[in-house]
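For reference, the structure is listed below as structure tokens.
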Amino acid sequence: MAVDQYSEKSEPTRAVSPSTPEKKESRDASPSADLKKLDSKGGQDPSGSGLYPDVKVGVATLYRYSSRNDIIILIVSAICAIASGAALPLMTVVFGNLQGTFQNYFTPGSNVSYDEFTSELGSLCLYFVYLAIGEFVTSYIATVGFIYCGEHISAKIREHYLESCMKQNIGFFDKLGAGEVTTRITADTNLIQEGISEKVGLTLQAVSTFIAAFVIGFVSYWKLTLILMSTVVALLLVMGTGSRFIVKYSRQNISAYAQGGSVAEEVISSVRNAVAFGTQDRLAKQYDVHLIKAEFFGFKVKSILGVMVAGMMLILYLNYGLAFWMGSVFLLDGSTSLSKILIVMMAVMMGAFNLGNVAPNMQAFTTALGAAAKIYSTIDRQSPIDPSTDDGIKLEKVEGTIRLKGIKHIYPSRPEVVVMDDVNLTIPAGKVTALVGASGSGKSTIVGLVERFYAPIEGTVYLDGVDISALNLRWLRQQIALVSQEPTLFGTTIYENIRHGLIGTKWENESPERQRELIEEAAKKANAHDFISSLPEGYETNVGERGFLLSGGQKQRIAIARAIVSDPKILLLDEATSALDTKSEGVVQAALEVASEGRTTITIAHRLSTIKDAHNIVVMSQGRIVEQGTHDELLEKRGSYYNLVTAQAIAAVNEMTAEEEEAINEEEKAALIRKASKKQEGVPEDPDDDINAKLNRSTSTKSVSSMALAGREKPTAKKYSLWTLIRLIASFNKKEWKLMLIGLFFSAICGLGNPTQAVFFAKLITALSLPPTTQEIRDHMKSEASFWCLMYLMLAIVMFIAFTAQGIVFAKCSERLIHRVRDRSFRTMLRQDVEYFDTDEHSAGALTSFLSTETTHVAGLSGSTLGTLIMVTSTLVAACTVALAIGWKLALVCIATMPLLIGCGFFRFWMLAHYQRRAKRAYQGSASFASEAITAIRTVASLTREEDVLRNYRESLAIQQRASLKSVLKSSLLYAGSQSLMFLAFALGFWYGGTLIAKYEYDMFQFFLVFTSVIFGAQSAGSVFSFAPDMGKAAEASRNLKTLFDMKPLIDTWSEDGDKVEAIEGSLEFRDVHFRYPTRPEQPVLRGLNLTISPGQYVALVGASGCGKSTTIALLERFYDPLAGGIFVDGKEISSLNINEYRSFIALVSQEPTLYQGTIKENILLGAPYEVSDEQIKFACQEANIYDFILSLPEGFNTMVGSKGALLSGGQKQRIAIARALVRDPKILLLDEATSALDSESEHVVQAALDKAAKGRTTIAVAHRLSTIQKADIIYVFDQGRIVEKGTHSELMKANGRYAELVNLQSLEKNR
């Protein structure tokens, strides 16, 4: 018996060498014990604590990736920030001394002359100028330094995060959506960057102001300062409690949104499916569920913040009252002077006020910590199977014998299903071993174990007798090439894609010429060279994201070239040809046979014709090996293999008359002659030639299609005015207008606090600067002080109420806004044409990151910002009015400085907006690059491309950093200017005011009222521009949103236009249809296609890959409109029909079934355009032959399918997709290679289901496997976008043309 030669006896003796003691694990029957073992192998549950280390993120951790230079820059910047902060309270000393000078001048009996007074005044005013210069220099250095380091460090974090993702075991990604990774790498790192950039500088500045202020206070008069310290304690209490809640809720908010991001990524990456089934609305609702949760927590965060600010305002005004009241007591008992009281009071106030400035910046910091906790937990996760380490043995020479011993395996994400049970198998070196069996029988699992994507629960895998878990992982994967069923290409050129196969091999660093030789060699072997050369840009053609610009066969051949370019020892073919049509399959199969010469090859085949020549065929069923042997031996056994083969055999029509034979021979002879002469000329025939007439070539020698495409010019980016953007954003808050009005009313009241207190301040100073000589004056001073201090109490309470009210109201509005914007953006994206998603800038990664980041920025133009503006306006208006009424001369001079201060603030805002625009593009590009790598993590891992991915990612980040540094250097000049001009304004005000006082034109009340109201006014006006960065981002984000919302797709699913479609008979006609993909206008796809289909017919489209079969289906679904010609259903052109009603009569089952996160039932229901009963679902599932399988699952219809349906096998996914198509009871059923990805057993079952489903419907099937369409009423054979033959199976077999050739290629006969 031939099987004997594969048994343990004849195995090479060196397999069990002393270095690898074989461990016999006790067979443990209980599944819980298996799960324990699973845990020890690092496959725990992401929700469990084992998977993510719990990272306590402190300040030091945020900066953990800073280089030495970063740290030096940070230290210098910090020192500058501290210096610029300390300059503020120094001003109070000058201020107090000036007040003292004024008081002396007015006091009767003091003999200060006019000249003495002015020289004193002049020297004090010069101090202000010195302070201004110091402030300018220090704040410039601080800003530049912090922004630069923030960018640098966050880029490092992005890098390490991606690097850590690249290290994780595959089990980690079974649970984590790629969308979540994208969200983290864009949104969360942006949050970290905000938390560690200029905001740190501002915080340090504030803290140093605080400390300097108290030092000055204690030096001036310690008792009063000590009493006023109480305000600081109160402030800290308010902030401490508030921020505890803020951290808690913002964490929940982030995690709620990350799940939403995963949903969005899934939907966008399979948008064709959503469009075909018209499920955009339901998927958007699913997304909305996560948004509602995120809104709830977001509201909590923002309203708590509002109450915190209100608490601070309360404390601030109470502090004024306390200072003057206690001050008056000390003043009257003669222990201090008024100028000292002023210095202490203003210093303490400044200090405390600046502690208030810490809060918003701290919020950025706490959010950064929240985001960092998640990112660092991934970065620090120790992967149980880490490809980046250098540990492990590297064998000198690889024979390539693989042996599986006692393997038992369970996938971590589906712990209840045993996938493989006690499998023992030897795969001899240099031979082809084929694995066959039903889907879900554990064939692909073997590949996963050999590649070490997973570690088995029990048993061991040996390579040349060495346990592979002892080998170096990267080295192991470099010995193995994997070609999987759905080939993943990366968004770069074909040349680069194939070059990825050279990574880690001895050719990696060869000269480019040598590499190109190897690559073309590999492409020739994989039969890809010809089609690549025929592309306009040849090997430099960019394949688009995930390679969707190529047909399946083309992608697969490139993937095969990539696999064999490095001449690997072991070749794993996981259904490498299942997605190909016969012609390319034959060629690719031949290529694979060449490729597998002299290598250990494990091939998994659904199509048995591809493995007849295998040295050993292993038949698997339900995770066990049933039988093995060669093709002929297994046929003689008449066991499972024999049944599989007969199931796949094709009924070839063999009768042929002599005349026919004669004719065919003649034709073949002619064809051979033609071929030979063509070779001599060396000019291939242009396939366009014979249809030139049809296309009526215009003189410019462009075809109709390229002309039509040229007519569609690229939409240019429109410029929107700020007013348009504000109107857009306001429209999202329309429903809340009453709330908004309340908020705005309270904002105005908040704004009036400052000018009001200026009046109290001036009154108190005037009262307290009287010389307390008589008892009468003392009593008057006491009563005045008490009255105005109580007025401060009143003001404090009013401010508290106003700030709380507006804080909560605006929190509600802005969270509502973000929610609605996200919802509408997502819906608008799903509304776009399918071609919208074909371009690189609309890749799933880019759009997902748009949804997560841009939408949150919009809140910067929402109610709260408007509230702030109203607050500032009311402050300025009130301040100016009061000042002008009391002392117009000084008021005008002070007001003259306002535009300067506000102008500076504006310039800073403008520069930051500009900075935003540029930064965005680079990070988006790098984000979608990262997302692509994570989505294709299995491919990246098997190519050991991790280093390569990281290098590219680093480069794109580095370019971004250089550009941003330049812009920061410029923008910070204006910012520093705005900081320092305040001191100059002070100098001017005091100098002019002093001059007026010297001439006795003004008294002290007038001077202080005018000065304080205008100065505080200007200060608060300046503070509004601290919102500038957020407004800059908001304007940018809303511009993008406006652009998105204004995009009107050509084929609009929202429109009610088009004729109503009550019912469809199902007759279809293509009349002279020409088509090219908008992203590849130079590549003709359909060139004058004509075909007619009668109602109820079962029509099959066959032909080589890339000949336009799938395009025909896409045009029928109206994903695209043809460039010329028309498609008619029941005699009406489909573009004239209402798109949604038209699509509701059509169901599509595509080659790669798309399932969404959720239960099986939810996925099936997505197919139904209306409510369906459980009976109908059950019926659809029975028709699709999946009902029994669903019932056999522990949770039945409520079984979760995982991200993109990853927890089901291909056949199971496909049958669920068929059930989903049948639930809508379509009149026209489109099958785009619906069974190509299945094995014989499920194919048989699914095919039967499809045959049943096709009854009474017009069915169009694109088939690669011809056995599936023998019974078709009519078969159309495509070639290069036209139909070359049509007829039934037997007619076409008789005609013995293209079709017969395709069938013969595929027919599966016993090797004779």
Side-chain angles (χ1 to χ4, degrees), residues 162-163 165-174 178 383-389 392 394 398 400 402 409 411 427 435 443-456 461 463 468-469 471-490 492 496-505 507-508 522 526 546-547 555-579 592 595-596 599-604 932-950 952 1206 1210:
L162 187 61
E163 184 174 1
C165 284
M166 293 279 132
K167 278 184 193 166
Q168 301 309 327
N169 52 330
I170 303 291
F172 174 80
F173 296 100
D174 288 348
S383 165
I385 304 178
D386 179 358
S388 65
T389 58
K394 299 185 179 179
V398 181
I402 298 173
H409 188 59
Y411 281 118
I427 295 156
L435 307 175
K443 306 186 301 290
S444 298
T445 308
I446 291 187
V447 168
L449 293 175
V450 171
E451 274 273 13
R452 263 194 90 200
F453 288 154
Y454 302 96
V461 180
L463 169 63
I468 62 165
S469 57
L471 295 171
N472 174 285
L473 183 58
R474 189 165 353 117
W475 176 87
L476 171 72
R477 287 184 181 159
Q478 280 159 4
Q479 307 311 309
I480 302 177
L482 167 68
V483 180
S484 57
Q485 182 177 352
E486 294 173 7
T488 310
L489 301 182
F490 298 96
T492 166
E496 283 296 318
N497 265 301
I498 300 180
R499 218 190 108 230
H500 289 154
L502 293 173
I503 289 171
T505 61
W507 292 288
E508 184 175 13
R546 297 196 199 139
K555 279 199 280 197
Q556 193 56 286
R557 283 177 294 181
I558 291 174
I560 290 168
R562 174 176 68 192
I564 58 182
V565 71
S566 64
D567 191 27
K569 271 284 171 263
I570 299 168
L571 190 58
L572 305 178
L573 307 173
D574 187 354
E575 305 186 21
T577 58
S578 69
L592 287 175
S596 55
R599 305 175 212 273
T600 308
T601 308
I602 302 180
T603 162
I604 296 182
E932 179 185 61
I934 298 294
T935 316
I937 187 72
R938 277 184 163 80
T939 312
V940 171
S942 71
L943 290 170
T944 60
R945 240 201 94 194
E946 293 92 352
E947 287 303 309
D948 184 48
V949 167
L950 288 170
N952 289 341

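For the numbers below, each heavy atom of this structure counts, side chains included, while hydrogens, waters and symmetry mates do not. Sequence positions, counted from 1, serve as the residue numbers for this chain.
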Q. Taking only residues two or more places apart in sequence, or in another chain, which ones meet Q168 in a side chain to side chain donor-acceptor pair (under 3.5 Å)?
A. S164, R381
Q: Anything under 30° is parallel, anything over 60° is perpendicular, the rest tilted; go ahead and classify H500 against F490.
A: perpendicular
Q: Give a yes-or-no answer on whether the side chains of T488 and T939 include a donor-acceptor pair shorter than 3.5 Å.
A: yes
Q: Report the residue from L435, I480, L572, L573 that forms a side-chain contact (heavy atoms from CB on, under 4.5 Å) with V447.
A: L572
Q | Y411-T445 side chain donor-acceptor pair, cut-off 3.5 Å | A | yes
Q. Any idea which heavy atoms bring I498 and V565 closest together, and the distance?
A. O-CG1, 3.7 Å
Q) From L473 CG over to R452 CZ, what is the distance, rounded to the nearest 0.5 angstrom? A) 5.5 Å
Q: Determine, step by step, whether Q479 and T600 satisfy the side chain to side chain contact (heavy atoms under 4.5 Å, CB included) criterion, reporting the C-alpha distance in whole Å, the side-chain angles of both residues, the deciding distance to 0.1 Å, and the verdict.
A: CA-CA 11 Å; Q479 307 311 309; T600 308; over 6 Å; no
Q) Checking Q478 side chain against S942 main chain: does a donor-acceptor pair fall under 3.5 Å? A) no
(Q) If you compare all heavy atoms of G501 against all heavy atoms of S566, which two are closest, and at what distance to 0.1 Å? (A) O-CB, 3.2 Å
Q: Please lay out, stage by stage, how D567 and R599 fare under the test salt bridge (charged side-chain N to carboxylate O under 4.0 Å, His left out).
A: CA-CA 9 Å; D567 191 27; R599 305 175 212 273; 2.6 Å; yes
(Q) Could you check whether any side-chain heavy atom of T944 comes within less than 4.5 Å of a side-chain heavy atom of P387, counting everything from C-beta outward? (A) no
Q.
Between V398 and W475, is there a side-chain heavy-atom distance shorter than 4.5 Å?
A. yes
(Q) In the structure I gave you, are the side-chain heavy atoms of D948 and L943 within less than 4.5 Å of one another anywhere? (A) no
Q: First locate atom CG of L482, then atom CD1 of I570, and finally report the distance between them rounded to the nearest 0.5 Å.
A: 12.0 Å
Q: Any chance you could lay out the side chain to side chain contact (heavy atoms under 4.5 Å, CB included) test for I170 and R938, step after step, and finish with the verdict?
A: CA-CA 7 Å; I170 303 291; R938 277 184 163 80; 3.5 Å; yes
**Q.** Spacing of F173 atom CZ and C165 atom SG [to the nearest 0.5 Å]
**A.** 5.0 Å
Q.
Within the supplied structure, the quantity of interest is the number of heavy atoms (other residues, nucleotides, ligands) at a distance under 6.0 Å from E163 CD; does it exceed 12?
A. yes
Q) Hey, what do you get for OG1 (T492) to CZ (R499), rounding to the nearest 0.5 Å? A) 9.5 Å
Q: For the pair M166 and I934, evaluate side chain to side chain contact (heavy atoms under 4.5 Å, CB included) and give the outcome as yes or no after the intermediate values.
A: CA-CA 8 Å; M166 293 279 132; I934 298 294; 4.1 Å; yes
Q) How long is the gap from CG on L476 to CG on L471, to the nearest 0.5 Å? A) 6.0 Å
Q: Test E946 against V940 for side chain to side chain contact (heavy atoms under 4.5 Å, CB included), laying out the working first.
A: CA-CA 6 Å; E946 293 92 352; V940 171; 4.3 Å; yes
Q. How many angstroms lie between CZ in R477 and CG in N472, if you round to the nearest 0.5 Å?
A. 10.5 Å
Q | Main-chain N/O of K167 paired to S383 side chain as donor or acceptor, under 3.5 Å | A | yes
Q. Would you say Y454 and N169 make side-chain contact, with heavy atoms under 4.5 Å?
A. no
